[in-house]
Amino acid sequence: MESNEVKKERAVLAGLSASSMEPSERSTDISMEELAALVETAGGTAVGMIIQNRQTPEPRSFIGDGKVAELRAFIDMNNVDLAVFDNELSPSQMRVLSEELGVKVLDRSGLILDIFAQRAQTREGQLQVELAQYKYLLPRLTGMWTHLVRQTASGGASPIGTRGPGETQLETDRRHIRRKIQKLEEELAAVRKVRSTQRRQREKNSVPVVALVGYTNAGKSTLLNCLTGSDIPANDRLFDTLDTTTRKLRIDDFTEVLLSDTVGFIRKLPHHLIEAFKATLEELSYADVLLHVIDVSNPDWEEQARVVDSLIEQLGARETPCLRVFNKCDAYMGILPHGEDVVCISARSGEGVRELVERLSKLLDRGNHRVLLKIPYDRGSIVDLINREASVLSMEYTDEGIEAEVIVPPQVFGKVKRFVPGYREPKEDWED
């Protein structure tokens, strides 16, 4: 009887911790464990792991010939299918390592791109992944054709079948990829234009936007489900959410918000991947409030929070009001974080979620007024004003005039309050 189970690729993991590297780029036990989780998410299994300590990366093989030989021996003994490096490899290093190890070689960026390609569901998400893949591939084309270039440039007679096409094919491929990148960037620009139009409509209708941000697997989708009663898949694996999901959430009698779940962040996130996903992630800079979800049960939560804070700053959302939401607090044994902009919850059990909604309501309370206006027909300018700068819940034309139920911000309320039946200015404490 044949088994339908797909064979998992076996991977050996390698990382370099060089003192010449930026601390954030060095491999550590934690970053290697995260790499193993990424391999698992991609559908493989990690069967071994090595970390090399050096003063500087070795220009040719990155980790040095001795470590390459050790890695090759491990691959031969353990039936390994691929080698995954925790660091960014240059195209030439990737080619050398692939030749000397005899297996497919991926770096962290390539692995993350592979996962993103599997996960993207919407057309927008697929466009973003495709753009990131082409930008990743472009500088690596040279390595793919080096064997032909080397053979024709050796000075002797070129081998049969290699006369000329190396350079020609390389340039053809480069032009093709550049055209693809340009086309994808144009399509994503169109997506951003549509998003901009939708954003202006939301602003006109005074619909606040709350964005869920956080490290991958922090529990953002579970929290979205908990708050809105949705059934978005929320699994215990990295990058389970790639495409932005938005749901409505009513937080009090007067306020309804749009709650958006975004792609999770991760350390050493490739720069071109951030660029490709800007059409989605730029929503952060236009959000009214950010909910930074932190998995407090993770021993490395402080570093993860720093990674997210840094990326929020890169995306231009540093000034946006932010609540730090410490999730999985029921699995944390120490003293829980506390503070004015801190809420501790368990998205799975619902613990602390009511307090989160109350804090969110206070952050969004801009002094808005929900009122019924009775506007005479000869004051059409007031109707124009509320259509332009307020959220109109209902409007009815009667014999006496126009009756409109609206939510108005403070700066508009002063202009319309005399049309509120029976309205009186509130007295100050010192007035009789």
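Positions are given from 1 along the sequence.
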Charged N-O contact under 4.0 Å between [X] and [Y]:
X      : Y      : result
Glu58  : Lys67  : no
Arg108 : Glu34  : yes
Lys183 : Glu187 : yes
Arg306 : Glu303 : yes
Lys268 : Glu88  : no
Asp341 : Arg324 : no
Glu355 : Arg359 : yes

Please answer whether the main-chain N or O of [Y] pairs with a side-chain N or O of [X] as donor and acceptor at a distance below 3.5 Å.
X      : Y      : answer
Asn87  : Gly15  : no
Ser361 : Val357 : no
Thr246 : Ser260 : no
Ser31  : Thr28  : yes
Gln55  : Ser19  : no

Minimum heavy-atom distance [X]-[Y], with the two atoms named:
X      : Y      : answer
Cys329 : Cys344 : SG-C, 4.0 Å
Leu13  : Ala46  : CD1-CB, 3.9 Å
Leu113 : Val129 : O-CG1, 4.3 Å
Asn217 : Asp295 : O-OD2, 4.4 Å
Asp107 : Leu89  : OD2-N, 3.2 Å
Ala11  : Val84  : CB-CG2, 4.2 Å

_Pair Asn327-Leu223, side-chain contact (heavy atoms from CB on, under 4.5 Å): steps then yes or no_ = CA-CA 9 Å; Asn327 189 27; Leu223 179 57; 5.8 Å; no
*With Ile266 as reference, evaluate Val308, Leu38, Val307 under the side chain to side chain contact (heavy atoms under 4.5 Å, CB included) test and give the passing residue.*
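Of the listed residues Val308, Leu38, Val307, the side chain to side chain contact (heavy atoms under 4.5 Å, CB included) partner of Ile266 is Leu38.
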Can you find a pair of side-chain heavy atoms, one from [X] and one from [Y], that are under 4.5 Å apart?
X      : Y      : result
Arg60  : Glu100 : yes
Leu101 : Val68  : yes
Leu131 : Ile181 : yes
Ile294 : Gln304 : no
Val392 : Asn387 : yes
Leu106 : Phe85  : no
Val47  : Phe74  : yes
Phe326 : Trp301 : yes

*Determine, stepwise, if the pair Ile386 / Met395 fulfils side-chain contact (heavy atoms from CB on, under 4.5 Å).*
CA-CA 11 Å; Ile386 61 174; Met395 188 174 289; 3.9 Å; yes
*Applying side-chain contact (heavy atoms from CB on, under 4.5 Å), run through Asp81 and Lys104 and close with a yes or a no.*
CA-CA 7 Å; Asp81 303 296; Lys104 181 170 61 179; over 6 Å; no
*Crowded around Asp29 CG? As in, over 12 foreign heavy atoms under 6.0 Å?*
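12 or below, so no.
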*Say you draw a straight line from NZ of Lys248 to CG of Leu259; how long is it, rounded to the nearest 0.5 Å?*
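Answer for the NZ-CG pair, Lys248 versus Leu259, is 13.0 Å.
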_Value rounded to 0.5 Å, distance of CG in Leu35 from CG in Asp86_ = 5.0 Å
*Considering residues at least two apart in sequence or located in another chain, which fulfil the salt bridge (Lys or Arg N to Asp or Glu O under 4.0 Å) criterion with Asp300?*
Arg267
*Who pairs with Glu185 by salt bridge (Lys or Arg N to Asp or Glu O under 4.0 Å), at least two apart in sequence or on another chain?*
Lys135
*Should Ser17 and Ser27 be marked as a side chain to side chain donor-acceptor pair (under 3.5 Å) after you check the CA-CA gap, both sets of side-chain angles, and the distance that decides it?*
CA-CA 5 Å; Ser17 179; Ser27 292; over 6 Å; no
*asked:* For Leu290 and Ile312: C-alpha separation, side-chain torsions, deciding distance, then whether side-chain contact (heavy atoms from CB on, under 4.5 Å) applies.
replied: CA-CA 10 Å; Leu290 301 181; Ile312 286 172; 4.0 Å; yes
